[in-house]
Trainee: 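Handing you this structure, nothing more for now.
What you are looking at is a predicted structure, and each value in this text was computed from that prediction instead of being measured.
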Amino acid sequence: QVHLVESGGGYVQAGGSLKLSCTASGSGFNINAMAWYRQAPGKQRELVASISSGGTTDYADSVKGRFTISRDNTKNTVYLQMNSLKPEDTAVFYCNARWALYYSADYVHASWGQGTQVTVSS
């Protein structure tokens, strides 16, 4: 019922910046928290940053001070501004959203985007 589409990934040199976007589409839903995860080859998917419906943010220690998550509720879009990128940031980044049906306050559903590749060269 909620479809997420990411964009903004690419290839960048160490120290560079990228901004990821994720837009939710569909009908009959309300989104609560949104988050960005990443998964490198051979590694488990990890939480990078999250943002609540009210704008409260949380970050993995490895990205604090470098990444900023934000959202535009009028557009159902979440962003991830990534600065001072490092080669170890290389991964597929996935958008995640927790949501509820429009008539419910129980945010028991979750959707994932298709992923966008971020590659940082040294």
Trainee: Using a strict cut-off of less than 4.0 Å between a Lys/Arg side-chain nitrogen and an Asp/Glu carboxylate oxygen, indicate whether Asp89 and Lys86 qualify as a salt bridge.
Mentor: no
Trainee: Do Phe29 and Tyr103 sit in the same hydrophobic cluster, where Ile, Leu, Val, Met, Phe, Trp and Tyr count as joined when their side-chain heavy atoms come under 4.5 Å apart?
Mentor: yes
Trainee: Can you find a heavy atom in the side chain of Val118 that is under 4.5 Å from one in the side chain of Val120?
Mentor: yes
Trainee: Do Asp72 side-chain atoms and Thr74 backbone N/O form a donor-acceptor pair below 3.5 Å?
Mentor: yes
Trainee: A side-chain contact here means heavy atoms from C-beta on lying under 4.5 Å apart; do Arg38 and Glu46 qualify?
Mentor: yes
Trainee: Would you check if there is a donor-acceptor pair between the side chains of Ser17 and Asn83 at a distance under 3.5 Å?
Mentor: yes
Trainee: Would you check if the distance from the ring center of Phe67 to the ring center of Trp36 is below 6.0 Å?
Mentor: no
Trainee: Can any side-chain N or O of Thr90 pair as donor or acceptor with the backbone N or O of Pro87 at less than 3.5 Å?
Mentor: yes
Trainee: Looking at Gln114 and Val5, would you say the former's side chain and the latter's main chain have a donor-acceptor pair under 3.5 Å?
Mentor: no
Trainee: Quick check against the 3.5 Å criterion: does Glu6 have a side-chain atom that pairs as donor or acceptor with the backbone of Gly115?
Mentor: yes
Trainee: Measuring from atom OG of Ser70 to atom CE of Met34, what distance do you get when rounded to the nearest 0.5 angstrom?
Mentor: 10.5 Å
Trainee: Please report the closest heavy-atom contact between Lys43 and Gln39, naming both atoms and the distance.
Mentor: O-NE2, 3.1 Å
Trainee: Between the main-chain N or O of Gly9 and the side-chain N or O of Thr116, is there a donor-acceptor pair closer than 3.5 Å?
Mentor: yes
Trainee: Going through the distances and angles, do Met82 and Thr68 end up as a side chain to side chain contact (heavy atoms under 4.5 Å, CB included)?
Mentor: CA-CA 7 Å; Met82 304 185 293; Thr68 302; over 6 Å; no
Trainee: Should Leu47 and Val92 be regarded as members of a common hydrophobic cluster, given that ILVMFWY residues are connected when their side-chain heavy atoms come within less than 4.5 Å of each other, either directly or indirectly?
Mentor: yes
Trainee: For the OG atom of Ser111 and the CG atom of Leu4, what is their distance to the nearest 0.5 Å?
Mentor: 5.5 Å
Trainee: Start with the C-alpha distance between Arg45 and Trp112, add both sets of side-chain angles, then the distance that settles side chain to side chain contact (heavy atoms under 4.5 Å, CB included), and finish with yes or no.
Mentor: CA-CA 12 Å; Arg45 189 172 300 185; Trp112 292 91; 3.3 Å; yes
Trainee: Strictly by modelled atom types, are Asn96 and Arg98 linked by a side-chain donor-acceptor pair under 3.5 Å?
Mentor: no
Trainee: When rounded to the nearest 0.5 angstrom, what is the spacing between OH in Tyr94 and OH in Tyr37?
Mentor: 13.5 Å
Trainee: Once rounded to the nearest 0.5 Å, what's the spacing between atom OG of Ser27 and atom NE2 of His3?
Mentor: 13.5 Å
Trainee: Does any part of the side chain of Val12, heavy atoms only, come nearer than 4.5 Å to the side chain of Thr119, both counted from C-beta?
Mentor: no
Trainee: So which atom in Asp106 and which in Ser104 form the shortest heavy-atom distance, rounded to 0.1 Å?
Mentor: N-OG, 3.0 Å
Trainee: Per the side chain to side chain contact (heavy atoms under 4.5 Å, CB included) rule, which among Val2, Asn76, Asn32 passes with Trp99?
Mentor: Val2
Trainee: Under the side chain to side chain contact (heavy atoms under 4.5 Å, CB included) rule, what do Phe93 and Val48 come out as? Steps first, then yes or no, please.
Mentor: CA-CA 9 Å; Phe93 282 70; Val48 176; 4.3 Å; yes
Trainee: So Arg71 and Ile31, side chain to side chain contact (heavy atoms under 4.5 Å, CB included) or not? Walk me through it.
Mentor: CA-CA 11 Å; Arg71 67 191 294 171; Ile31 293 177; 3.6 Å; yes
Trainee: Is any side-chain heavy atom of Ile69 closer than 4.5 Å to a side-chain heavy atom of Tyr59?
Mentor: yes
Trainee: Between Thr23 and Thr77, is any side-chain donor less than 3.5 angstrom from a side-chain acceptor?
Mentor: yes
